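In this text, all values refer to a predicted model and were calculated from it rather than measured experimentally.
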Amino acid sequence: MYRTHLAGALSAADVDQQVTLAGWVARRRDHGGVEFVDLRDASGVVQVVFRDSEAAKVAHELRNEFCISVTGTVNRRPAESVNDKLATGEIEINATELKVLSESAPLPFQIDDHVEVSEDVRLRHRYLDLRRSGPAAAMRLRSRANQIFRNLLSEDDYVEIETPTLTRSTPEGARDFLVPVRLQPGSWYALPQSPQLFKQLLMVGGFEKYFQIARCYRDEDFRADRQPEFTQLDIEASFVTQEDVIELSERLIGAAWKELAGYEMASPLPKLTYHESMDRFGSDRPDLRFGQELVELTEYLSGTEFRVFSGAIEAGGYVGAVVMPGGASQTRKELDGWQDWAKARGAKGLAYIVFNAETGEPKGPVAKNLSEEHLAGLADAVGAKAGDAVFFAASPDRRDAQELLGAARLEIGKRCGLIDPEAWAFCWVVDFPMFERTDDGGWTSPHHPFTSPNPEWIDKFEADPANALTYAYDMVCNGNELGGGSIRIHDSKVQSRVFDFLGISKEEAQEKFGFLLDGLKYGAPPHGGIAFGMDRICTLLSGADSIREVIAFPKTGGGFDPLTSAPTPITPEQREEAGIDFVPESEEHELDE
RNA sequence: GGUCCCGUAGAGCAGCUAGGAGUGCUCGCCACCCUGUCAAGGUGGAGGUCGCGGGUUCAAAUCCCGUCGGGACCGCCA
């Protein structure tokens, strides 16, 4: 037996007990005659005292992060030595025996919560980083989140079912990771971007309620909140409406926030339609922690001679504005900085007007171009006060202009300190458009082509595709999408109409998703579901800046794993055996030419 | 694919604008001292390809070009 007690669990109640502990040397304070060692195990830290014993001589040789076991007596500390900062600060272990279970080489960085270490170094020695309280807490939080969801879903008769990770491409639209197949050279598996099609087939399979904490893979570029492999809490149920899925989701997320953030989420959450969200916040994942809503000026500015605006208006587009409180006090350099900011985002610029702090008089490059009438009512129209700045965006494409203003709104929120970092603001965004334009003028599905149109549009989405709406819904928190889902098409006839409209031929559809279409033929129940981004949820709950903080062994920006150095080149033998150089005969001829 | 920031001892940084000997700070590491510390303290010591390559210069951590690595963002991606 390595130990009788856990270090962090000891208290004054254990005084006079003989205990054996095992753990790591978190820190030692050697006073010559007496030596203190902070012993850390997974449960916490306790102070061990060595004095006048054989063990004390061994203790002198201890170094940080040696793995040791200690036997001794639990003593109440002298009143003047009690440490309030330590959970076990009332007591200490008077050691009689010390065993070194494993020595530690000098550390690449200090395992100490107040020492900052670059992420690069931390990840290279992640096993040491995980000994620190912050990273360890993040992993434990994630474990509890998984448990909360699992328990609630299991209690509700949801069946946890695993789906393949070696499969064929699923239609999320991202690039697939591919795996060569030794037994069939030239054929490749794809790693799933999500279990989307499988969970629908599980509904056809009659389970009615399915969930899985599923690893998903997408071969796209990284961000602070993106990794090539990530985890979804994937849920699907039969005979459910959008409201059913929303109710379940709020119970799950509400429970997680209550237990892990101590926050009581007010259910039911507010719902915004996609269009409302775009109009008010310029985003389909609005941050509701602050105001500064967008104001549409298309109508107000009609008839303007300022070409930037009139061009957009005449093209049937949009002109809008967002107010920056106190923005008039910005220097010329700061205002120019906004132009660069907008250009970095692919916009031509960001027109602005500032209202003089004393007189309220509108000034700035745009002001000269607007009529007296337009200028006179502008402050009221946009809700600006003297001393504010107003940024404008105009575009023939309503969404482009709104997204620019939405991004400006977020930037204003940050720069002006309008965002309460302690606040949680949840909402749903619903009624997503069924289709959106592709670059080449066709139509595509913003989610995936299995999303059901809502009843209003199910019979006529082809007639007015730009306005057709779906049963798709996203749950949003503080401007982050926590999860999204939809009611699916369960009628193979409707599914065929969608494919027809998208210009996907019967052959193509059959080839890509034939197995799903076949499944839908056999009495498929109405069904729908949702998938939550576990990495993102845990990042928010732990207050981290990056999802790497809630992943045990994350990758860096280039898809590189600093710990294992993956990916690595393969040997010629592996290359040969995997059959990755297989060239189909027809292509061989082309290559010859 | 694009833009911006960073790279100096084991860790975290300063030095770079305005070129002049690897100059410095905090922590760690090693040795010794130290009987109530808890981010212990004291004395001494070791430790450097200034990411890499090229250029300018009498002289480059510092200026220029390229490149590699990391981070943030745009594109991309739910």
Side-chain angles (χ1 to χ4, degrees), chain A residues 26-39 45-52 56 60 63-65 75 77-86 88-89 92 94 104-125 128-129 171-176 193-194 196 216-228 230 232 284-285 337 340-347 403-404 407 410-411 429 432 439 445-448 451 472-476 480-486 530-533 536 545-546 548 555-558 560 562:
Chain A
R27 196 180 293 280
R28 58 191 198 94
R29 293 173 292 279
D30 189 343
H31 287 237
V34 61
E35 179 159 16
F36 303 96
V37 168
D38 291 341
L39 179 76
V45 175
V46 71
Q47 172 165 283
V48 181
V49 188
F50 294 92
R51 197 199 318 254
D52 304 327
H60 190 68
R63 293 295 180 272
N64 282 344
E65 298 306 316
N75 281 7
R77 291 198 193 188
E80 66 276 14
S81 305
V82 167
N83 185 349
D84 297 332
K85 285 183 274 182
L86 212 57
T88 59
E92 60 196 9
N94 217 328
S104 171
L107 299 161
F109 57 86
Q110 284 162 264
I111 298 177
D112 192 333
D113 292 338
H114 62 267
V115 173
E116 271 190 41
V117 184
S118 72
E119 200 179 8
D120 193 29
V121 176
R122 287 173 48 203
L123 293 185
R124 208 155 50 230
H125 304 277
L128 294 178
D129 187 42
E172 259 76 13
R175 212 170 285 118
D176 285 316
Q193 296 178 27
S194 79
Q196 180 61 36
C216 306
Y217 307 86
R218 291 177 193 172
D219 186 7
E220 294 293 342
D221 288 3
F222 289 48
R223 281 289 193 289
D225 62 350
R226 263 192 253 155
Q227 288 265 302
F230 59 97
Q232 287 187 344
D284 61 0
R285 45 187 172 92
D340 298 334
W341 174 89
K343 281 174 191 155
R345 216 153 282 262
E403 282 178 350
L404 178 63
L410 286 181
E411 195 63 28
V429 177
F432 277 80
D439 294 338
S445 307
H447 280 70
H448 51 65
T451 303
Y473 33 81
D474 281 0
M475 193 181 198
V476 175
N480 300 282
E481 182 196 329
L482 297 187
S486 62
I530 193 163
F532 290 99
R536 206 169 287 172
D545 317 318
S546 159
R548 292 186 294 272
K555 292 174 178 58
T556 66
F560 179 74

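At most 12 non-hydrogen atoms from other residues, nucleotides or ligands lie less than 6.0 angstrom from CZ of A:Arg285. For CD of A:Glu116, the number of neighbouring non-hydrogen atoms (other residues, nucleotides, ligands) closer than 6.0 Å is 12 at most.
As judged by a 4.0 angstrom heavy-atom cut-off over every strand, A:Gly557 is placed among residues touching the sugar-phosphate backbone only. Backbone-only engagement by A:Asn64 is indicated by non-hydrogen atom pairs under 4.0 Å involving sugar-phosphate atoms exclusively. At a threshold of 4.0 angstrom between heavy atoms, the contacts of A:Glu403 with the nucleic acid are absent. Using a 4.0 Å heavy-atom criterion, one finds that A:Phe432 contacts the bases of the nucleic acid, with or without backbone contacts as well. Using a 4.0 Å heavy-atom cutoff across all strands shown, A:Gly173 reaches sugar-phosphate atoms only and no base atom.
When each of B:rU37, B:rG70, B:rA78 is scored by its nearest atom to the side-chain atoms of A:Phe560, the top-ranked nucleotide is B:rG70. For A:Thr556, counting side-chain heavy atoms from C-beta on, the closest listed nucleotide (B:rG70, B:rC76, B:rC38) is B:rG70.
Pair assignment for B:rA21: none, as no Watson-Crick or G-U wobble contacts are both less than 3.5 Å. With a 3.5 Å ceiling on both atom-pair distances, the Watson-Crick or G-U wobble partner of B:rG53 is B:rC65. Summarising the base pairing, B:rC4 is matched to B:rG71 through a Watson-Crick or G-U wobble pair whose two defining distances lie under 3.5 Å. Pair check for B:rA9 finds none; no Watson-Crick or G-U wobble contact set falls under 3.5 Å. Across the strands present, B:rG45 finds its partner in B:rC29; the criterion is a Watson-Crick or G-U wobble pair with both atom distances under 3.5 angstrom.
One finds no side-chain N or O of A:Lys343 lying less than 4.0 angstrom from the OP1 or OP2 phosphate oxygen of B:rC74. Distances shorter than 4.0 Å separate none of the side-chain N or O atoms of A:Arg124 from OP1 or OP2 on B:rG10. A close approach under 4.0 Å does occur between a side-chain nitrogen or oxygen of A:Arg63 and OP1 or OP2 of B:rA31. Regarding contacts with the backbone of B:rA78, every side-chain N or O of A:Asn480 stays at 4.0 angstrom or more from both OP1 and OP2.
Between the side chain of A:Glu35 and the base of B:rU37 there is no donor-acceptor pair of N/O atoms closer than 3.5 Å. Interface remark: the A:Arg29 side chain does not form any donor-acceptor pair with the B:rC34 base, using a distance-only criterion of under 3.5 Å. A donor N or O paired with an acceptor N or O is found under 3.5 Å between the base of B:rC76 and the side-chain atoms of A:Arg226.
Evaluation of the side chain to side chain donor-acceptor pair (under 3.5 Å) rule for A:Arg29 yields A:Asp38, A:Gln47 as partners, not counting sequence neighbours. With sequence neighbours left out, A:Asp545 forms a side chain to side chain donor-acceptor pair (under 3.5 Å) with no residue at all. For A:Glu403, the side chain to side chain donor-acceptor pair (under 3.5 Å) criterion is met by A:Arg399, not counting sequence neighbours.
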Find every protein N or O atom lying less than 3.5 Å from an N or O atom of nucleotides 13-15 of chain B, and list the pairs.
none

Could you pull out the protein-nucleic contacts involving nucleotides 1-9 of chain B (nitrogen or oxygen on both sides, under 3.5 Å)?
{"unit_1": "B:rG1", "atom_1": "O6", "unit_2": "A:Asp221", "atom_2": "OD2", "d": "3.3"}

Under 3.5 Å between N/O atoms: give me all the protein pairs with nucleotides 45-47 of chain B, atom names plus distance.
none

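In this structure, the separation between CE on A:Met475 and CZ on A:Phe532 is 5.5 Å, given to the nearest 0.5 Å.
Salt bridge present: A:Glu119 and A:Arg548 bring a charged side-chain N and a carboxylate O closer than 4.0 Å.
Both A:Arg548 and A:Gly485 sit near RNA chain B, but only A:Arg548 has its closest nucleotide nearer the 5' end.
A donor-acceptor contact shorter than 3.5 Å links the side chain of A:Glu220 to the backbone of A:Arg175. Between the A:Arg63 side chain and the A:Ser104 main chain, no donor and acceptor come within less than 3.5 Å of each other.
Rounded to whole angstrom, the span from the CG atom of A:Leu128 across to the C1' atom of B:rA11 amounts to 12 Å.
Counting only heavy atoms from C-beta outward, the side chains of A:Arg77 and A:Leu86 approach each other to under 4.5 Å.
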